[in-house]
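Structure, as structure tokens:
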Amino acid sequence: MTSPKTVLITGTSSGIGLATAVAAARAGWTTIATLRDTGKADALLTAAAAHEVTDRIQVKHLDVVDPATIATCLDEVIAEHGHLDALVNNAGAAQVGTIEQGSLDEVRAAMEVNFFGVVATTRAALPHLRASHGRVITVTSVGGIVGQPFNEAYCAAKFAVEGFMESLAPVAATVGVDVTVVEPGAVASEFVANLNLDVDAQLTTAGPYAPALQAYLTRTQQSFTNAQTPTEAAAPLIKALTAPHPPFRIQTSPWARNFVTTKLTDLDGSAVQTLTGEWVR
Ligand code: NAP
């Protein structure tokens with residue numbers, strides 16, 4: 001009898017990561033649900049219990065911006081389970097503001113968690129994924145394809161992830177590792193709340209950009225009224241986890257597919273500029 005496949009998921013305290021951990025366990029995978037603060041595992045464990053998959057979920061500490069925690073976590077997984085069959089890079093954080101408002105350090109922080117965190121975790125997991133002929137699935141965003149107003153640093157980081165993974169995919173395939181990116185649109189997770197956005201302070205520091213920022217915030221609030229649930233966003237990700245050979249790029253909703261299509265057929269960039277220009281007027 002072969003042991004169940006093992007998947008490691010980053011950022012499982014809430015949202016898409018939590019939903020993916022529960023769904024992976026329900027699909028029969030031994031699920032290493034990692035958190036940067038294991039004291040925040042209550043919601044995950046409650047959901048796991050509700051779906052009767054507690055025995056297939058193992059909570060471990062992993063902070064994607066701390067390479068030592070990545071190494072320790074992977075060492076433990078291999079010691080305890082003998083193999084790693086998939087990595088889901090899910091951890092990420094929003095960042096809102098235009099470049100003149102914030103500091104370079106804020107841009108670097110967005111890159112650290114959303115880009116370098118993915119690179120570091122993938123790099124550490126690859127030897128084990130080569131051994132298992134496994135896969136890397138990374139939650140990027142429609143913002144990894146279409147740059148969005150007041151999301152310069154966040155979209156830059158997600159574009160970087162898309163470029164990194166698109167470049168890695170054919171190379172990884174030569175050693176039997178599949179690479180997939182998953183692109184959600186708006187998802188009703190803790191993503192916006194975790195931003196801790198002080199709207200008044202943002203509008204004050206926005207100066208001449210304040211009317212555009214106000215228009216953007218109003219439009220974004222409306223777009224989140226049609227958000228997918230984390231469980232809905234996790235469903236295509238689980239397909240990528242279990243399909244014999246998943247595609248490289250997956251959108252999690254028809255809306256996300258249409259939005260990304262605008263960019264992928266927009267050879268001179270005018271369609272996207274017209275579309276997102278309307279968000280800030
Ligand atoms: P979420 O509920 O805020 O979940 C984000 C998760 O990432 C949390 O578990 C958070 O942990 C974790 N995290 C943040 N920094 C971390 C770090 N340094 N190390 C490890 N974990 C860390 O938001 P979500 O929507 O589920 O986000 C999941 C992914 O989807 C992200 O990559 C995000 O960019 C992407 N996405 C989201 C949306 C959306 O509308 N929600 C749209 C497109 C793409 P803590 O609880 O400790 O902060």
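Note that ligands are numbered from 1 as they come in the structure, with each ligand's atoms numbered from 1 the same way.
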Should the proximity of [X] to ligand 1, defined as any heavy atom under 4.0 Å, be assigned to the side chain, the backbone, both, or neither?
X: S13; answer: both
X: L62; answer: backbone
X: V64; answer: both
X: D63; answer: both
X: K158; answer: side chain
X: V192; answer: neither

Report yes or no: do [X] and [Y] form a side-chain donor-acceptor pair below 3.5 Å?
X: S13; Y: D37; answer: no
X: S270; Y: D268; answer: yes
X: Y209; Y: E100; answer: yes

Should [X] and [Y] count as an ion pair when the cut-off is N to O under 4.0 Å?
X: E166; Y: R249; value: yes
X: D178; Y: R135; value: yes
X: E278; Y: R219; value: no
X: D105; Y: R108; value: yes

With the threshold set at under 4.0 angstrom, would you say [X] reaches ligand 1 through any of its heavy atoms?
X: A186; answer: yes
X: T10; answer: no
X: T140; answer: yes

Worksheet item: Taking only heavy atoms of G92, which atoms of ligand 1 are found under 4.0 Å from at least one of them?
Response: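 Numbered from 1, ligand 1 contributes 5 (C), 7 (O), 14 (C), 31 (C), 32 (O).
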Residue and atom name of the nearest protein heavy atom (relative to [atom]), distance in Å to one decimal:
atom: atom 4 (O) of ligand 1; value: S14 OG, 3.5 Å
atom: atom 27 (O) of ligand 1; value: F191 CD1, 4.1 Å
atom: atom 48 (O) of ligand 1; value: R36 NH2, 2.7 Å
atom: atom 29 (C) of ligand 1; value: N90 O, 3.1 Å
atom: atom 3 (O) of ligand 1; value: N194 ND2, 2.8 Å
atom: atom 13 (N) of ligand 1; value: A91 CB, 3.9 Å
atom: atom 34 (O) of ligand 1; value: Y154 OH, 2.6 Å
atom: atom 38 (C) of ligand 1; value: G185 O, 3.8 Å

Worksheet item: Testing V96, T204, L213, L217 for side chain to side chain contact (heavy atoms under 4.5 Å, CB included) with V199, which one passes?
Response: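 Exactly one option meets the side chain to side chain contact (heavy atoms under 4.5 Å, CB included) with V199, and it is L217.
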Discussion item. Using the side chain to side chain contact (heavy atoms under 4.5 Å, CB included) definition, which of the options I70, T30, T34 pairs with L8?
Written reply: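 Considering I70, T30, T34, a side chain to side chain contact (heavy atoms under 4.5 Å, CB included) with L8 is found only for T34.
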Practice prompt. Kindly confirm or rule out an N or O of G11 lying under 3.5 angstrom from an N or O of ligand 1.
Written response: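 Yes; the residue has a nitrogen or oxygen that sits under 3.5 Å from a nitrogen or oxygen of the ligand.
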Fill in: Polar proximity ligand 1 side, V187 side, N/O cut 3.5 Å exclusive
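So ligand 1 has an N or O lying under 3.5 Å from an N or O of V187.
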Practice prompt. Count the heavy atoms belonging to other residues, nucleotides or ligands that lie under 6.0 Å from CZ of R123, then report whether that count exceeds 12.
Written response: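 Check fails, neighbour count at 12 or below.
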Item to complete: Compare A227, A41, G15, S189 and give the one whose heavy atom is closest to atom 24 (P) of ligand 1.
Response: S189
Item to complete: Indicate the ring-plane relationship of F164 and F115, choosing parallel, tilted or perpendicular according to the 30° and 60° boundaries.
Response: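 Perpendicular.
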Worksheet entry | Verdict with supporting geometry, E190 and K40, salt bridge (Lys or Arg N to Asp or Glu O under 4.0 Å) | CA-CA 13 Å; E190 297 305 311; K40 289 177 73 177; over 6 Å; no
Worksheet item: With distance as the sole test, does T10 use its side chain to make a donor-acceptor pair with the main-chain N or O of N90 at under 3.5 Å?
Response: yes
